[in-house]
Amino acid sequence: MSTAALALTQTDIERNRRKRRAAMKTAGHYLFLAVFTLVYSSPIIYLIVGSLKPTAEVLNGFGGFLPTHASLGNYKHLFDVFNDPAVGYLWQFYLTSIIVSFAIVFGGLIVNSMAAYALARLRWRGRNAFLMVVILLTILPFEAIAVPLFYLMRGYRNTYMVQYLPFIGSAFSIYLFYTFFISLPGEIQESARVDGAGPWRIFAAIIVPMSKPVYASVTILTFLSSWSSFLFPLMMVDEKDRIPLPIEIMMFWHQPPTDWGPIFAFGVLLVAPVLAVFLAFQRWFIQSVAGSAVKG
């Protein structure tokens, strides 16, 4: 065998060895991600499987993952229980949560993105001071203002408005929009100004279409927060036709005897919209996270 042929054979062997190492490394990564995903999704799996089982078999350790005696009886039980004006209707709880969450998300996307655009792209007196106030407000817990807010809004108790109006403006959402808008190339805005575009047209025609990742991120985070809102509705609402889902599931849980099958079914109904919103916006959400990691 010639020296050239031997060298070629050694090169092929080394190339194949590198390919095998790369394949094993990739397989190891996927295995780790699969185990990681399974661990973090196991509570949701347990919840869904438990909602289909009789109460006696729900809290059964690792056996709770096995869908034995599965049926939709727990869901039917919920609709049978919440089918009276005295206890409320399940569809009313859902409607309240949907209306409140939609108002907070939709209104917040408009108000908070416009405020962030003014902070990031416009120059006006007091801009830096206002930005500092926004940053400080992001670390202020809601519990610190819950009581003053109660006395401010007590004239609107048992309404949809009292559940969404105080939460449309969000310092955290403004800051998320601000950090994204400030990273966009300034040359695009300057070119639009040269062409005669004003601030409103620049925002609507240029900034918004380029900002799908941050809009998706704010939508997911805001919906998660508003859909699971508990403390303020508990303080402001006591009429059945205005109670949101999280309040009602707490009341249902505390009614003896504890019936874990329907409770798990109620939990699935509570979690399902959050998963649906995340799946709808996950592509842009992942882009936002990946972009933040690259810039970081």
Side-chain angles (χ1 to χ4, degrees), residues 98-140 142 145 149 160-229 273-296:
I98 290 173
I99 291 175
V100 171
S101 297
F102 178 80
I104 293 175
V105 171
F106 186 73
L109 289 178
I110 296 175
V111 171
N112 298 320
S113 63
M114 291 174 63
Y117 173 69
L119 288 171
R121 292 299 181 181
L122 303 182
R123 296 292 178 266
W124 42 279
R125 182 177 298 178
R127 182 178 70 94
N128 293 333
F130 187 82
L131 178 59
M132 183 60 64
V133 171
V134 169
I135 295 174
L136 292 175
L137 287 176
T138 59
I139 63 176
L140 182 68
F142 173 73
I145 62 171
L149 192 60
Y160 290 133
M161 187 179 70
V162 76
Q163 299 184 61
Y164 66 73
L165 188 61
F167 306 102
I168 290 178
S170 167
F172 182 69
S173 296
I174 292 174
Y175 186 71
L176 284 181
F177 278 118
Y178 170 81
T179 56
F180 189 90
F181 291 162
I182 202 70
S183 67
L184 295 177
E187 294 80 5
I188 299 177
Q189 181 176 339
E190 296 302 325
S191 300
R193 284 179 177 172
V194 172
D195 293 337
W200 288 105
R201 185 178 177 185
I202 293 174
F203 176 72
I206 298 176
I207 301 297
V208 172
M210 294 177 62
S211 305
K212 290 180 180 178
V214 69
Y215 274 92
S217 300
V218 172
T219 297
I220 292 173
L221 296 176
T222 304
F223 183 83
L224 176 62
S225 174
S226 60
W227 186 261
S228 60
S229 179
V274 178
L275 294 178
V277 169
F278 176 77
L279 292 176
F281 293 96
Q282 65 168 332
R283 180 160 63 95
W284 296 286
F285 179 75
I286 293 172
Q287 288 180 9
S288 176
V289 174
S292 299
V294 171
K295 288 183 289 186

Would you confirm whether the ring centroid of F142 sits within less than 6.0 angstrom of the ring centroid of F167?
-> yes
Test item: I135 and F172 side chains (from C-beta on) under 4.5 Å apart, heavy atoms = no
Has the side chain of [X] got a donor or acceptor atom that lies under 3.5 Å from a matching backbone atom of [Y]?
X: Y117; Y: P199; result: yes
X: S225; Y: T222; result: no
X: R121; Y: F181; result: yes
X: N112; Y: S173; result: no
X: S101; Y: I98; result: no

Intermediate values then yes/no, side-chain contact (heavy atoms from CB on, under 4.5 Å), W200 and M114 = CA-CA 9 Å; W200 288 105; M114 291 174 63; 3.1 Å; yes
Where [X] and [Y] come nearest, the two heavy atoms and their spacing:
X: P273; Y: W227; result: CG-CZ2, 3.4 Å
X: I174; Y: A115; result: CD1-CB, 4.0 Å
X: R193; Y: L122; result: NH2-CD2, 4.5 Å
X: L184; Y: S211; result: CD1-OG, 4.0 Å
X: S226; Y: I104; result: CB-CD1, 3.6 Å
X: M210; Y: P185; result: CE-CD, 4.4 Å

Reported [atom1]-to-[atom2] distance for the pair [X] and [Y], which is rounded to 0.5 angstrom:
X: L176; Y: T138; atom1: CG; atom2: OG1; result: 9.5 Å
X: F106; Y: L109; atom1: CZ; atom2: CG; result: 8.0 Å
X: Y164; Y: I168; atom1: OH; atom2: CD1; result: 6.5 Å
X: L140; Y: L136; atom1: CG; atom2: CG; result: 9.5 Å
X: F278; Y: L221; atom1: CZ; atom2: CG; result: 10.0 Å

For [X], does the [atom1] atom have more than 12 heavy-atom neighbours from other residues, nucleotides or ligands under 6.0 Å away?
X: F130; atom1: CZ; value: no
X: W124; atom1: CH2; value: yes
X: R201; atom1: CZ; value: no

List the steps and the verdict of ring-ring contact (aromatic ring centres under 6.0 Å, His included) for F177 and Y215.
-> CA-CA 8 Å; F177 278 118; Y215 274 92; 4.9 Å; yes
